[in-house]
Visitor: 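Pasting in a structure now, in structure tokens, and then I'll have a few things to ask.
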Amino acid sequence: MMITERNHSAAPVIFVLLGFSDYPEFQILLFLIFLVIYVITVMGNLGMIAIIAVNPKLHTPMYFFLKHLSFVDFCYSTIVTPKLLENLVAEDRAMSLPTCITQFFFATTCALIDPFMLAVMAYDRFVAICNPLLYIVIMSQKRCALLMAAAYSWGILFSLLFTYSLLVLSFCGTNIINNFICDYSGILSSSCSDKHFSELILFIVANFNMFSTLVVIISSYIFIFVTVMKMHSIRARCKAFSTCASHLIAVGMFYGTVLFLYCIPHAKSSWFTNKLGSVFYTVVIPMLNPLIYSLRNNEVKETFRKLLDTKRFSH
């Protein structure tokens, strides 16, 4: 209560998301592009969840994790994109402090779950290729459920820590965020109090989250590569690498975008690049993930064709 009273004692705290207001001539075009992306994202991720649910052949650990990845991507896009679309057509882009913090909390939760999920999926591929005879035993339903519970707990816990580090700050009047989402750096720069604690939390948690999951992914694929190269059959090698291809593409896009955002300088000239990277990270990747996994997966494509044939037959 003390934090809320301190923030609201003088005047209501307002955050204004500039979004893409620097390019008014492209507002309608951007609205249509992001609307199409959002529709594809919703249909792709919910479709992936439905396909995995209806096909008993897909009730395996790999698809169990993929189903949850699709759910997180759907939530991530739904948290970010509708507000982005609203700001592209609305003149009033103001948000209250509670609304901005709420959006930040849920978006950060999804952003933190994603790398953990990718690390779990890499571990699953490691067990499947390096210990195929023990795969069913190691990746039991109980262990898969525990890994997913850990992923969601990981995201919620660190998101709460990030949110707390912002709530202890003081905010004054109207604040401009040069982005389309209430991101950590935008909220932090709007504070009129000491930011040292919050910056320290960001540095420690963000780096720990990214590097710890990346270590798991790299370690898993090193063992996978060594195991595959020991196979005498070229066909077996191709099949093993094929099962990892979709995941590797998803990992490359995710961590490539994150590293891109980390490496660009925080200067005025980089704001457009920063927004572009943020769009790819929060809007485009959730759309691409189900497409990557479905287009390279024969079982998913076959199930989709059967669903279409059933729908046509019913009509």
Side-chain angles (χ1 to χ4, degrees), residues 7 13-22 30 34 37-38 72-73 75-88 93-115 155-156 158-172 174-193 195-210 254-286:
N7 285 326
V13 177
I14 300 296
F15 291 93
V16 179
L17 301 178
L18 293 184
F20 298 93
S21 57
D22 295 339
L30 289 172
F34 287 124
I37 290 175
Y38 181 61
V72 173
D73 283 340
C75 292
Y76 201 4
S77 181
T78 301
I79 292 163
V80 175
T81 312
K83 188 63 182 178
L84 169 59
L85 293 172
E86 179 188 338
N87 286 344
L88 284 170
R93 298 183 174 90
M95 295 177 70
S96 64
L97 176 63
T99 303
C100 193
I101 292 294
T102 301
Q103 187 197 48
F104 166 78
F105 169 76
F106 285 110
T108 304
T109 300
C110 293
L112 291 169
I113 293 173
D114 259 348
I156 293 171
F158 284 118
S159 184
L160 284 171
L161 183 60
F162 276 130
T163 304
Y164 172 76
S165 70
L166 291 176
L167 289 175
V168 297
L169 301 174
S170 297
F171 298 92
C172 314
T174 302
N175 306 278
I176 305 297
I177 296 180
N178 195 2
N179 210 332
F180 57 88
I181 184 175
C182 288
D183 64 319
Y184 194 89
S185 59
I187 301 174
L188 190 64
S189 62
S190 302
S191 173
C192 47
S193 59
K195 308 178 184 70
H196 179 72
F197 170 74
S198 301
E199 290 172 343
L200 185 64
I201 290 293
L202 173 64
F203 178 80
I204 294 174
V205 174
N207 284 286
F208 173 75
N209 182 63
M210 298 309 297
F254 182 88
Y255 284 94
T257 306
V258 171
L259 290 174
F260 172 77
L261 289 173
Y262 265 109
C263 292
I264 59 174
H266 292 285
K268 290 183 178 180
S269 59
S270 71
W271 276 116
F272 175 78
T273 312
N274 193 13
K275 286 181 187 177
L276 193 63
S278 298
V279 165
F280 196 80
Y281 180 76
T282 60
V283 179
V284 178
I285 287 180

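Counting begins at 1 with the first residue of the sequence.
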Visitor: Can you confirm whether Phe158 sits close enough to Phe208 that some side-chain heavy atom of one is under 4.5 Å from a side-chain heavy atom of the other?
Guide: yes
Visitor: Would Asn207 and Phe203 satisfy side chain to side chain contact (heavy atoms under 4.5 Å, CB included), going step by step from the backbone distance to the final call?
Guide: CA-CA 6 Å; Asn207 284 286; Phe203 178 80; 3.4 Å; yes
Visitor: Taking the two cysteines Cys100 and Cys182, do their sulfur (SG) atoms come closer than 2.5 angstrom to each other?
Guide: yes
Visitor: Among residues at least two apart in sequence or on other chains, which ones pass side chain to side chain contact (heavy atoms under 4.5 Å, CB included) with Ile204?
Guide: Leu200
Visitor: Does Asn175 reach the side chain of Val16, with side-chain heavy atoms less than 4.5 Å apart?
Guide: no
Visitor: So, the side chain of Ser191 versus the backbone of Leu188: is there a donor-acceptor pair under 3.5 Å, distance only?
Guide: no
Visitor: Going by the rule salt bridge (charged side-chain N to carboxylate O under 4.0 Å, His left out), which residues pair with Glu86 if we only count those two or more places apart in sequence or in a different chain?
Guide: Lys83
Visitor: Quick one about Thr282 and Ser278 (side-chain donor to acceptor, distance below 3.5 Å, no hydrogens or angles considered), yes or no?
Guide: no
Visitor: Might you point out which heavy atoms bring Leu88 and Leu30 nearest each other, and give the distance in Å?
Guide: CD1-C, 3.8 Å
Visitor: Which word best sums up how the rings of Phe104 and Tyr184 line up, parallel for under 30°, tilted for 30 to 60°, or perpendicular for over 60°?
Guide: tilted
Visitor: Using side-chain heavy atoms (C-beta onward) and a distance below 4.5 Å, is Leu18 in contact with Arg93?
Guide: no
Visitor: So which heavy atom on Ser159 is nearest to which on Thr108, and how close?
Guide: OG-CB, 3.7 Å
Visitor: If you define the side chain from C-beta out and look only at heavy atoms, does anything of Ile201 sit under 4.5 Å from Tyr164?
Guide: no
Visitor: With side chain to side chain contact (heavy atoms under 4.5 Å, CB included) as the test, would you mind laying out the steps for Asn87 and Phe20 before giving the verdict?
Guide: CA-CA 9 Å; Asn87 286 344; Phe20 298 93; over 6 Å; no
Visitor: Between Ile177 and Ile187, does the side chain to side chain contact (heavy atoms under 4.5 Å, CB included) criterion hold? Intermediate values first, please.
Guide: CA-CA 7 Å; Ile177 296 180; Ile187 301 174; 4.1 Å; yes
Visitor: Do Phe106 and Tyr76 make the cut of ring centroids closer than 6.0 angstrom?
Guide: no
Visitor: Any idea which heavy atoms bring Gly155 and Ile113 closest together, and the distance?
Guide: CA-CG1, 3.8 Å
Visitor: When rounded to the nearest 0.5 angstrom, what is the spacing between OG in Ser189 and CG in Asn178?
Guide: 9.5 Å
Visitor: Compare all side-chain heavy atoms of Ile37 with those of Thr81 and state whether any distance is below 4.5 angstrom.
Guide: no
Visitor: For the backbone of Phe105 and the side chain of Thr163, can you confirm whether one donor and one acceptor N or O come within less than 3.5 Å of each other?
Guide: no
Visitor: Could you measure the distance from the CG atom of Asp114 to the OH atom of Tyr281? Nearest 0.5 Å is fine.
Guide: 6.5 Å
Visitor: Supply the atom-to-atom distance Ile156 CD1 to Leu161 CG, rounded to the nearest 0.5 angstrom.
Guide: 14.0 Å
Visitor: Considering non-hydrogen atoms only, spot the tightest contact between Gln103 and Ile79 and give its length.
Guide: NE2-O, 3.5 Å
Visitor: Run the side chain to side chain contact (heavy atoms under 4.5 Å, CB included) test against Thr99 and tell me which residues pass, sequence neighbours left out.
Guide: Met95, Ser96
Visitor: Which pair of non-hydrogen atoms, one from Pro115 and one from Met210, has the smallest distance, and what is that distance?
Guide: CG-SD, 4.5 Å
Visitor: Less than 4.5 Å apart, side chain to side chain, heavy atoms only: is that true for Ile181 and Leu17?
Guide: no
Visitor: At their closest point, which heavy atom of Ser190 faces which heavy atom of Ile176, and how far apart are they?
Guide: OG-O, 4.1 Å
Visitor: Under 6.0 Å between ring centres, would you say that holds for Phe15 and Phe171?
Guide: yes
